[in-house]
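A short write-up of the structure that comes next.
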Number of protein chains: 2
Amino acid sequence: MAATLRDVARLAGVSTSTVSRALSLPDLVNPATRARVRSAADSLGYEPNKAARGLITGRTGNLGLVLPDLGNPFFPSVVKGVQARARAADVAVFVADTDEDVAAEMGLIRALAQQVDGLVLCSPRAEGDDLKAIAADTTVVLLNRLVDDLPAVVFDHEDGMRQAVAHLAALGHRRIAWVGGPAASWSSDQRGQGLSQASADHGVELIEVGHFPPHYDGGMAAADQVVATGATAVIAYNDLVAIGLLARLHARGIAVPERISVVGIDDIAMAAMARPALTTIRLPKEQAGRLAVELLLTLLDSPATTPERRTLQGDLMVRASTAEPPR
Amino acid sequence: MAATLRDVARLAGVSTSTVSRALSLPDLVNPATRARVRSAADSLGYEPNKAARGLITGRTGNLGLVLPDLGNPFFPSVVKGVQARARAADVAVFVADTDEDVAAEMGLIRALAQQVDGLVLCSPRAEGDDLKAIAADTTVVLLNRLVDDLPAVVFDHEDGMRQAVAHLAALGHRRIAWVGGPAASWSSDQRGQGLSQASADHGVELIEVGHFPPHYDGGMAAADQVVATGATAVIAYNDLVAIGLLARLHARGIAVPERISVVGIDDIAMAAMARPALTTIRLPKEQAGRLAVELLLTLLDSPATTPERRTLQGDLMVRASTAEPPR
DNA sequence: GCCGAGTGTGCAATCGGTTGCAAGCTGCTG
DNA sequence: CAGCAGCTTGCAACCGATTGCACACTCGGC
């Protein structure tokens, strides 16, 4: 159906090698021939077959993105960033959603690995060693996860938590609860550590109420435990959890922010729409996606490059869910 | 790096053709050899190279999904359905987000088309003729769009609107506003038509307040116009728009559902979390995604099959945003 | 008029599989 | 025991590109 190199060659009256060169290494061919080839290619609507090219060059021109759950709006934002940058480089993107299934994750990663030039692994839950194994034979960039010195794009969680605690401490809170995410989540870990540090610095008491699923229901489930701690403010693993907290607190008639302040992380679109509008740490999600692809492309072009790590800052968005603690 | 057919052949002491057959047409080879080949393949961790296979068979084992905006939670749900079914068939999925950009859409579709066996086009905004042109040389399944007799999975919008109107009419509403989506949206069109019909049947007055962007801000923008119509109930193009309406109405101090009832469409997760929880038409999004892939795979297996069309019913989810009109 | 450098092109191998065809072997029939 | 069918297996062509190498030709210098 589609025109092949041979068709173009025949039409232009040259060999296939000349056509190939005329199109990809124009300097090597005579301007006149080059023009003839080009017009032949145009008139046939020729597009090189990626599979065939990939076979010989070893480059597929594709890239893969693996993430835990598209149902969490954080991830679609990342996808958008990844796609934007990939498109600019004329690269197509495979997307795989693991459904937060740690077991399925490695399988999906491996399946994709052999079909792409490189992978962006967003918030992977797998063991560091497994990820290193993958990175050993595929170019990989981690996003929102750090494993030794694998190339990665991460958010400065420590700084983000410092901003959140500073904000709450300034309002007068002295007892803050932390609702953690999945136990296997690197970012939950980071945030927890950042919080301990920041709380200590501000002389604020931090109470960890444990690990919860990273979505609305997790927040619903955590709310009552949070209330039981007697904390006057709570920081949630992410916005979805924070919104779940909001819902359950509302249902119990506990006023936010009058009785308790709530802080989320991510700043998904829904955060601003929540009632009360959610105070949260805005993470540059799309930018992270773009940057991850950027790193990946650089690495692919010059594999010698030392793996790079980029850290992105988040910004505290103060909205209506935080206020002074009750007296 | 990765093991090839040749490596397996050498290890098993047979020719490459035998290996190929042992793995894909097991009946053709002697059970003993087959076992030897299999264990050799296993021990080498052999996985056939998709590009190479695709070159000769003409099948890539990949499929593409094009959709308008991952930022709208409706679409990630569809993606999940598509991936679930594709994964079961051991097929990888390219995902492309057009950012609601009609111009970019066709470009993306064409770029993907030459790299996949088939495409699922979800809510495409392109002209019917352009879509038919694509379908002429690629296997295509439409989702939430109908163009002549191209294979498609659609929702029964007419029925959904009937349920919504019946619900509102039963509550006593006599004047209903309709906030349409993008002008290029087939589903917006369908819903509008379904509404006219249903309103007529129920002797209810329908007021169309025009076309709005299919998200939160669209709803914010539409709210005041809705109020100005004097309607006691409003049906929005989708849940995102409905939630925008809710926000603006709240800001203006117009009580929902006391002063005005609000109905959404889709039943995205956010709908149940809204305050008040949103009455909406639940569309089986994941199922639609699965079904679209199902159709696509069938079509690919036997291109002779007459293109099929599947219609899925939505269900009215009555929540807190609808009530009797003010007296 | 010959040689060397430089340019432009084609030949053929290659990537990793699949598949039509033919050949070797076994075992059965007549 | 010849002959034939049926089962296994290997050879080699092929899919559509890329690329190292060699050949042909031009041009300038001596």
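Proteins get letters first, then strands, A, B, ... in listed order; numbering begins at 1 in each.
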Derivation of the side chain to side chain donor-acceptor pair (under 3.5 Å) call for A:Thr60 and A:Asp117: CA-CA 6 Å; A:Thr60 62; A:Asp117 297 333; 3.2 Å; yes

Along DNA chain D (nearest heavy atom to each residue), the more 5'-positioned of B:Asp27 and B:Ile56: B:Asp27

First of B:Arg21 and B:Ala52 reached from the 5' end of DNA chain D, by closest nucleotide: B:Arg21

Gap between atoms [atom1] and [atom2], on [X] and [N] respectively (whole Å):
X	N	atom1	atom2	result
A:Asn49	C:dC15	CG	C1'	13 Å
B:Leu44	C:dG16	CG	P	14 Å
A:Arg36	C:dT9	CZ	C1'	11 Å
B:Leu28	C:dT18	CG	C1'	12 Å
B:Lys50	C:dG17	NZ	P	13 Å
A:Leu25	C:dG10	CG	C1'	16 Å
A:Asn30	C:dG8	CG	C1'	7 Å

Between CG on residue B:Leu297 and CZ on residue B:Arg85, distance to nearest 0.5 Å: 5.0 Å

Are any of the side-chain nitrogens in [X] or [Y] under 4.0 Å away from the carboxylate oxygens of its partner?
X	Y	value
B:Lys80	A:Asp97	yes
B:Asp149	B:Arg309	no
A:Arg125	A:Glu100	yes

Start and end of the DNA chain D segment that chain A contacts, any atom under 4.0 Å from a heavy atom: D:dG16 to D:dG20

Set of residues satisfying side chain to side chain donor-acceptor pair (under 3.5 Å) with respect to A:Asn49, sequence neighbours excluded: none

Tell me which nucleotide among [options] gets nearest to the side chain of [X].
X	options	answer
B:Thr57	C:dT19, C:dT14, C:dG10	C:dT19
A:Val14	C:dG10, C:dG17, C:dT18	C:dG10
B:Arg53	C:dG17, C:dG10, C:dT19	C:dG17

Distance-only donor-acceptor check, side chains B:Asn62 and A:Gln115, under 3.5 Å: yes

Divergence of helical axes at both termini of the helix from C:dG1-D:dC30 to C:dG30-D:dC1 - five pairs an end, 10° steps: 70°

Sugar-phosphate only, base, or nothing, as touched by B:Ser24 at under 4.0 Å among non-hydrogen atoms: nothing

Touch class at under 4.0 angstrom, heavy-atom based, for A:Thr4 against every strand present: sugar-phosphate

Flag side-chain contact, heavy atom, 4.5 Å: B:Leu44 against B:Asp7: yes

Audit row: A:Thr18, A:Ser15, side chain to side chain donor-acceptor pair (under 3.5 Å) steps and yes/no: CA-CA 5 Å; A:Thr18 301; A:Ser15 74; 3.3 Å; yes

Under-4.0 Å side-chain N/O to phosphate OP1/OP2 contact, B:Thr16 with C:dG17: no

side-chain N/O B:Tyr46 vs C:dG16 OP1/OP2, d < 4.0 Å: no

Any donor-acceptor pair under 3.5 Å from B:Thr298 side chain to B:Glu294 backbone: yes

